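Throughout, numbering of the chain's residues begins at 1 and tracks the sequence. Below, each value reflects all heavy atoms present in this structure, side chains not excepted, and no hydrogens, waters or symmetry copies. The structure displayed is predicted, hence computed values, not measured ones.
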Amino acid sequence: MAPSPSPPPPASGAQYAHQFLNTALSQRGPSALPYAEDVKWLIRNHLVALADAFPSLHPKAALFTHNDGRAAHLLQADGTVPIHHAGATYNLPAVIWLPETYPRSPPLVFLSPTRDMLIKPHHPLVDRSGLVANAPYLRSWVFPSSNLLDLVRSLSHLFGLDPPLFTRSVAAPSPTPPPAHPAPPPAAASPAMRPEAVYAPVPRPYRFPASPQLAARQPPTEDPAEVFKRNAISKLVDTAYADAAALRTAREAEVDSLFAVQAELRGRGEAVNDGVRRITEEKETLERRLQDVVMATDVIEAWVAENRKGAADDATEAEGAIQPADVLSRQMLECTATDLALEDTIYALDKAVQEGSVPFDGYLRSVRALAREQFFQRVLCTKVNNAQQQAQVARMAARAPQYAS
């Protein structure tokens with residue numbers, strides 16, 4: 001892990017965090033930090049909020065070495081975490097690394113004790129390498145609600161209840177916190193618990209491990225059974241975390257699909273409601289039209305009832321309104337009407353035989369009989385016409401002497 005630049009002056013810590021993050025996260029090309037573009041603004045907000053609330057933690061960029069040997073330039077918050085223990089305030093040196101997948105995955109928190117500090121063995125939250133692996137806030141990390149500020153506040157509270165570091169001058173391991181900058185101590189304070197004025201991080205000669213697997217080697221006298229047990233527990237925890245992450249991803253995808261189905265059903269429900277509304281409006285319109293038609297029908301039926309008797313009398317009078325002048329005219333009218341009726345009948349038979357409604361043999365017999373009758377009627381019309389002409393000539397001849405005189 002490459003050394004990071006020196007921390008900024010305390011008076012300008014917040015301003016330095018803003019300027020440094022704006023510059024670091026805006027870089028492009030080979031020098032760009034390996035974070036997704038859509039979360040860089042969220043990362044900046046997390047680090048700025050942390051620097052504003054905890055001025056002792058400064059954002060930096062340094063080289064981080066993964067378990068598989070890969071190295072990457074990542075952001076970190078380096079400094080101290082204040083805790084309150086036994087009525088005094090102490091500062092624990094710590095480094096918070098932001099991996100490439102942050103903030104969708106939790107950060108890596110390491111305690112970096114100085115030369116005169118030791119990590120408390122069998123601490124429930126911190127392993128022997130300094131990795132804070134069992135913190136409840138890290139185990140329940142949820143994107144995008146989780147953030148660095150709440151994480152440090154949670155660690156400060158938990159470490160205040162059970163400090164993970166103690167001074168090397170103590171004969172046996174005890175939960176005594178490291179010296180930092182507490183309130184004025186009591187007169188009987190032990191030398192190991194003697195608070196300092198202010199703890200300021202100094203360059204450390206050792207390389208801090210990137211993960212529990214890269215921790216410093218254990219002393220040769222350590223029990224192999226304890227090493228195996230610790231490694232097995234770490235492996236089980238990693239497997240459980242991986243399974244939980246996979247399960248969360250699957251459930252998030254399932255929830256997204258359910259949300260999509262819900263949106264589609266909501267859209268279809270709106271379409272159905274709109275269709276019902278339009279059908280109701282059309283039904284009301286048709287009912288109004290039906291009432292209008294019923295009223296109009298009643299009016300027409302009343303008018304027909306009133307005028308039916310007079311129409312029958314008018315039809316009788318119309319039949320007797322036109323009378324032939326003489327017997328020849330009556331006979332001529334009847335012959336002409338019969339001829340036209342026969343002509344219409346023959347035309348109707350022609351249409352019927354074309355459509356196949358009348359067999360062809362029956363058609364020929366009927367046409368032959370009708371044509372014969374039509375011929376006789378036309379001959380009769382010709383004779384009546386000649387008789388009318390002779391009668392007219394006779395009447396003209398009878399009136400001729402009157403014109404001569």
Go through the structure and list residues passing side-chain contact (heavy atoms from CB on, under 4.5 Å) with [X], not counting sequence neighbours.
X    : value
F376 : R372
D326 : L328, S329
A352 : S357, V358
T239 : K235, D243

Pairs involving residues 286-295, ordered by first then second residue, that meet salt bridge (charged side-chain N to carboxylate O under 4.0 Å, His left out) (sequence neighbours left out): none
Measure from the side-chain N and O atoms of [X] to the backbone N and O of [Y], and report whether any donor-acceptor pair falls under 3.5 Å.
X    : Y    : value
N386 : T382 : yes
T338 : E334 : yes
N385 : C381 : no
H84  : T89  : no
S56  : T80  : yes
N147 : S145 : yes

Minimum-distance pair of heavy atoms, taken over all atoms of A94 and L111: CB-CD2, 4.0 Å
Got a second to check how far [X]'s [atom1] is from [Y]'s [atom2], nearest 0.5 Å?
X    : Y    : atom1 : atom2 : answer
H58  : F20  : NE2   : CZ    : 12.5 Å
C335 : Q374 : SG    : CD    : 12.5 Å
E284 : I279 : CD    : CD1   : 12.5 Å

Residue pairs passing the side-chain hydrogen bond (donor to acceptor under 3.5 Å, both in side chains) test where at least one lies in residues 344-354, sequence neighbours excluded: D350-Y363
Residue pairs involving residues 293-304 (criterion side-chain hydrogen bond (donor to acceptor under 3.5 Å, both in side chains); sequence neighbours excluded): none
Mind checking what makes salt bridge (charged side-chain N to carboxylate O under 4.0 Å, His left out) contact with [X], not counting sequence neighbours?
X    : value
R368 : none
E264 : R268
R251 : E254

Side chain proximity check, V152 to I96, heavy atoms < 4.5 angstrom: yes
Contact check, side chains of L370 and L349, non-hydrogen atoms, under 4.5 Å: yes
F159 and H123 aromatic ring geometry - parallel, tilted or perpendicular at 30°/60° bounds: perpendicular
Output side-chain donor-acceptor pairs under 3.5 Å for residues 35-46, partner residues at least two apart or in another chain, one line each.
unit_1, atom_1, unit_2, atom_2, d
Y35, OH, L75, N, 3.0
Y35, OH, L98, O, 2.5
E37, OE1, R28, NH2, 3.4
E37, OE2, K40, NZ, 3.0
D38, OD2, R104, NH2, 3.1
R44, NE, N22, OD1, 2.7
R44, NH2, H18, ND1, 3.3
N45, ND2, W41, O, 3.4
H46, ND1, Y102, OH, 2.7

Partner residues of R277 under the side-chain hydrogen bond (donor to acceptor under 3.5 Å, both in side chains) criterion, sequence neighbours left out: D274, E281
Side chains of E100 and H66, donor plus acceptor under 3.5 Å: yes
Q377 and E373 side chains, donor-acceptor separation under 3.5 Å: yes
Derivation of the side-chain contact (heavy atoms from CB on, under 4.5 Å) call for D52 and L149: CA-CA 9 Å; D52 290 342; L149 179 57; over 6 Å; no
Pair R330-V327, side-chain contact (heavy atoms from CB on, under 4.5 Å): steps then yes or no: CA-CA 5 Å; R330 181 183 296 277; V327 178; 5.7 Å; no
